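Following: one structure in structure tokens, then a few remarks.
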Amino acid sequence: MATAIPSIACLGVIGRNNNPLHISIFPSYDSSTNSFAPVRTPLQFSLLLSSTLDVFELRARHNAASGVGLSGDFGLLHAVDERLAAYGFETNTGAKFVVVVDMRGRRIDHGAAALAAESGGSSREREKRLNAAAVGLREGEMKPVFKAIQTAYIKLLQNPFFDPDEHSPPAGRGGKKITGKKFADDMRRIGENWTPGVTNL
Amino acid sequence: MAKASSSAAVRWRAGSSTLLEKMRSDFNGSSKSAVDRVRQVRIGINDVPYDLLPRVVPAVPTGYHETEQDSDIAWADLIGKFKELILLSFDTRVRQYEEDIKEKDNQRGLPGWNFCTFFILKEGLARGFESVGLVEDALVGYDELSVGLDAIIQEQAIAGSAEAHGGALLEYTEELKTLAQKAVDQITRGKMDFEDDEEAVDLQSGERAPAGVVDNFDAIPISSTKKPYRELILANNVSLFDFRCYIFARQISLLLRLGNAWSTREELLAKLKEQQGLVPRGVAPRAPPQKPTDESENLSQLAEICRRALEFVPAVSTLLNRDIMAAMSSKKKSGDGKGKVQQTPLDPVLSEVIENIVASFAFSVAQQILAQTSTKALPIPPSTLAPHDGQEPKASIPEPKTMMHPARTTSLHSRASQRPPPSPGIFPSGRRSSSPDVVASSPYLKSGLEELAARRAELYTLSRNILEESGKKRGWTDGWASVPVVGESDVNDMEDVSLDEDEGVDMEEAESDMNHGAAAVQASAAGVGNELLRTALDNKDDFYRLYETLTDKALRHYTVASFSNSVEANIADLAVLKFHLGDYAEAASYFYETIPFFAERGWSLLELSMLVMYARCLKELRKLDDYVNKALRQLLSKAAAAERDRLERKSLLRFGARDESTQFPEASAISGFLEDMLTISTSLEKEVRVSLAGFFCDVEIGGAPAYEDGQDSFTLSLKLRSLLVDEFEAQSISLRIVSPAVGGVKEIWLQTTGPALIKPGRNKVQLQGTFIMVGDYEVDQIRLSSHNVLMHFEREVGQVADKSLNILTNPRVMLYQRADSLDVRLLAAKDVRLDKNNALELEVLTGWNTITTCEVKIRSATGGLRLLMAEAAVLGEPQPKKRLDGGSFVFGDISAERTIRIRLPFTVEQDVLNVAVKVEVTYSTDRGTFTFFKTLSVPISLALGVNVQDVFKHDALFSRFTVSTASASPLRLFKSELQGSEVFESHFGVPPSEPILVFPKQPASLMYKITRKPRGAPPGPKTKKTMYLKLWYSVVQNEIEELFEQTLRRDVEATTGLRAYSKLVVAKVLAGVQSGLSTYELEKAALLGEMSTVFLGDIRWEAQFSGLGLGLGGSASEAAKLAGWFAEWLRKNPVLVLPRPGNDTAEQRSSILIPVDIPPITIVHTADMRFQEPLGSITAAGDRVFCINQVLPVTLHLRWTRIWDTTVAVPASSKGATTTAATTTARSEDLEFSYELTAPSDTWLLGGRRKGHFVIPAMEDPEGGEVVGASSTPDTEADIPLLLIPLREGWLPFPSVDIREVRSGNGDAKGGSGGGEGGGEATAVGQHGHCETDTRNLGETVLVVADRAKVTLSLDASGLGGGPLVLESERAGLGVRVVV
């Protein structure tokens, strides 16, 4: 039996000045055409990311007021529709990571899973995870993603040729996008490898 | 429980205790833990209604009296007791429940444990809490249950089997299965019509209720009473989906209660209809009057509901999906038998149905929650989609109709009526931007208001997105899919954004596509249960209207929540939608509002795409000015900026070997706009000015100016990299170079010779300059004009290049003159006359130009310099065709290599060292018209200074001219000449054979003897008396410069490849020479006759020649080549030999003519003292020797002459000045003089007529030919005998003779004796001008010795004062002693 499981549809990194630093878009499974295609256009994703900024702001305000949420994980920001949901994370330097999850972005055939079971022992784990996904994503599910993004971002910042001020000018607005290829590759890897229950990316 | 009643003292029974006590003992039980259940309330007769009173009333007064207060206390006590006891029992019950729950919970691990049972148990507790008003406790209970359910499912998943633990939940929901099945059947039967849809809906909820009810019922998907959930759960006959729904429904209802927003189902339905608001369904009944509620809603709780709903929807959608999937597959399983369960590609029909059902369900939930959380406390600004002139949005809802007849006509009509006039709110300055503030300051602001608004907005967005997704399948996109993506700067190349089904497909096409094939399946609305959604999906208009309404609602809610980003995102959505629908006016206003927001935050991707659309809108609207000025300009420069970013990144990644060919991945999106802009700009009145930096990068001057042979023009190549997508033709490109040198800004414009085609990418244009002006320049303006668009770039001269722009990082340009080009030279005149206006000599050398016409304009460039153009003369051939006013000369044909000489007399107002002249030569050859401009400076200060000293004698005048240098440089004096005048002639000794070197500290002296011409007529007014001193000289520094110039020019021109630079080299080296020559060097050069060139070696020549670029070919730069050549030249010529000029070349040297006026002296006296006879002895040296006290008879011989009186004899009657009158009288009058002999009293004793007067007779009338009385004759000379007695030994000077004029008219003048004392001695300048006295004896001395021939001394100190005693002395006896 084929089951749809969540996958990442878009990863966004937004800078301190609310400027986009990086946007990666991942195709989702389209059951009608049996192919992979992004569920939205890049522009729509951009718009989506930009509207999550309000939630970031609100949450940050609430968190500051109540003194909670020091981890930076803002959880579900926005349920876009019955398929897409945006999760957010803010570093303490103001960079924001947004993960847009497509609840039915992948399709897993149980048969295929069973097939995999013969070859590897991990398939059972996998199936469990997939079943677990049936109850929807829980807050914790996004933690590994954010952690991975943060790691990638930190790696980027450690690059001596990367000037953070160029991307988020301290005083001004706007800023350049991240052009590092390695970072982009990292994001790609994260977006493609994540499935619910993955704990290490 | 007992109720205490009746009066207190009824004594039916004997005993001491009261009835109350009796009842207590009866009811309370006897145990210790017993609860007191008896309370007493006294009721008086008056408290009881009459008909309830017992018939027989004992007349006994009670005797008991209680106050009202007592009564209140009693009642309160009673009620308190009630509560206490109820709670007591409730508490017991709860405790029991909790124990049960705990027990059950502990059994969790045991086999056979059933979650459903556990659930019912725990829910019982929660319901209990709820019923006693402990809503929050109840909510906590349900929350725990929800988590518990999750845990169970998790455990089941891990256990791998649903049956294994906690009891089985159904795999699917029966109703959903039916629904899905029906929908599938419907599609497969091909019944896609909406009439059948109704049927499908009916089938959905089974046959339990009539259709209308079903409809209504379905509008509230989340309701705990929708199904007998508890029974189902108890019977273990519930699906996970139902279970979740139930829990959620309970949670919502509890929260609603908490939020004070409890409403009945009917109210809810009404609200649901109402909130569809603008949707022209025509089915919305007016809301029943709201029940007046005193308490306001708790907005935070409502927000919490929304939040939960937002989390619930995605989760439950997944569930629903699985549920139906499971249902259908189980059906298949039962149908097909065993085995073939897997069907890897999902059945498209089934998936379609599932999606529809899920979407519908999610939509319904959102709508329901929205309805439930709507509150009047949330001030939502009126819709911008409707006129908000006092009318509520609801007012535009059509009249209620029956729900059976969704009137489409009405919808169309109402849509037309809804067409919103562009309200002021849609402009940025209008309402919307300020609305958050308004809300913030509004009195409605409550805690949680923003939160609620935001949540509701999200729900609206959610609904809209669901709608959009459904619409997408029908090809009704919201416009985003067809939005052009511009300059998508993706690092990952793999993301080819393929939107196969949507991209580039117009709506109509999509629609037509839908009519056949597989698309038809997707378009089915089967399974869409929600009425609103179904209607919206019915046709395109309704779809867009609903989409717009939902977006607008979300927008307004976001506005209240002050979610600026989301507001802008929604505006962008609306804008795109309007654009997609062709409503350009509105789209334009939305775009206008939202573009800057994204622009300033760096969302360039969005910004660009929207700009493209904005531009299209404006074009459609024919707002050409805005189109060009606002949209296109911005769009193109943004696109260019994106392209620049891309280029930069590419250059960063260059080593990554990425292919360079990919240019503008989305070029098509913005191509054509440039063309539009250019063509439309012509129709605009105003020129469209655009910054060049926006469209181009890497703008550079391509090397040094290139010169063309045989022609005085140069070209600069300008490299620019166009960031535009399209190529275009620039009508003209011009560039201004400005010299930062002092003395006014000089600027030259360079232009392309014709239109230039600017292609995307690198371009190189040649700019020609026909204006030659030597110097260092910087480019300060670039203008590129095409049609009516002017792209310009300006910078400040000397400004540091802006590295970020990549424009003109090196703006320097050096222009030089080539050897054969037209040139202008300015010379100071070689022959200077001090008493006349000097002249400058201007030479225009045509060089290689064969000139057809030529205009020379000459202007003074020094303050105070006046060029006397009227007196200017062109020397020699060619003569000007005409002369214009203001110093212009126009010449006709002049062949090459000719020289025009113009002599320019000038005057200066104050002494200046240099004068400068601006010369502009505009000339035409057969190859065009050129302009040459040069400011020439020439020193006009005199190179030498001359002082004169005159000594008058009786018949001759000796003049000594001291020639000194005026500058630090020595000069050579070749020849001198004192030109005689009509009155005087000069005599000079033997001229020196060699030129005289005059050093600054060592002036030269020239002595001339001037005599009066013998036959000179008396000077008349016309007589030229002035003599002229003419000096031929040369300044050593000039000689050195000339030497350098000649040598260098010869050598440079002899070197191949450098010939063109001769003027440049000479000019640069001469500048170095001028600054490098010290006084010392000059002196040395003058003395040694040679010049060392070592001092030039210290200058960095390569820097001096920078700006030549690669020039005429060759690998090394021209500057280095020149510098190298020059270094070599210096090495070869360490010393330059100054030519040693002889006197013969004097004529070619500069000369100066100095007028020398002989001062008119009225009378020159000559006083001569002579000893009458040879007296005394004469020493070997010829000096006379006298003795002290010797009497010396002397004759003072006084002579006079008038020959130096050169004043013009004017008749007295003339109106001449007083001086001439005086001299006239002086000549024609007798003049009386006095003489006086004076000597220091210790030197000479004077005897005889020491003082006396004498008269000089008047001159005879000069007109009678021979002058009489011009000089003294023996008759008129005076010989005055005197006696001199020397009083001292030693060399004694003669007594001085002082001759003064005795002023006539003075009393003592005639007195004779008093001449010496009175005023007569005042000055030598008497009444009649100068008189000079030539004292012949001046400087002569006589030797006076003591008059002793022999002296005998005693050597002992017996003399006077201890000195030697003179014993005897013998007088020499010189001469005769004369006793006076």
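Note that this is a predicted model, so its numbers are computed, not measured. The sequence lines fix the lettering, A, B, ..., with proteins before strands; numbering per chain opens at 1. Atom set for the values below is all heavy atoms of this structure, side chains included, hydrogens, waters and symmetry mates excluded.
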Start with the C-alpha distance between B:Asp573 and A:Leu47, add both sets of side-chain angles, then the distance that settles side chain to side chain contact (heavy atoms under 4.5 Å, CB included), and finish with yes or no.
-> CA-CA 9 Å; B:Asp573 275 335; A:Leu47 216 52; 3.4 Å; yes

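A distance of 11.0 Å separates CG of A:Asn18 from CZ of B:Phe598, quoted to the nearest 0.5 Å.
Contact count versus chain A (heavy atoms, under 4.5 Å) is highest, among B:Ile466, B:Leu310, B:Leu467, for B:Ile466.
Annotation: residues 49-58 of chain A contacts chain B through A:Leu49, A:Ser50, A:Ser51, A:Leu53, A:Asp54, A:Val55, A:Leu58 [non-hydrogen atoms, separation under 4.5 Å].
Only the side chain of B:Ala362 has a heavy atom closer than 4.5 Å to any heavy atom of chain A. Only the side chain of B:Arg455 comes within less than 4.5 Å of a heavy atom of chain A; its backbone N, CA, C and O stay farther away.
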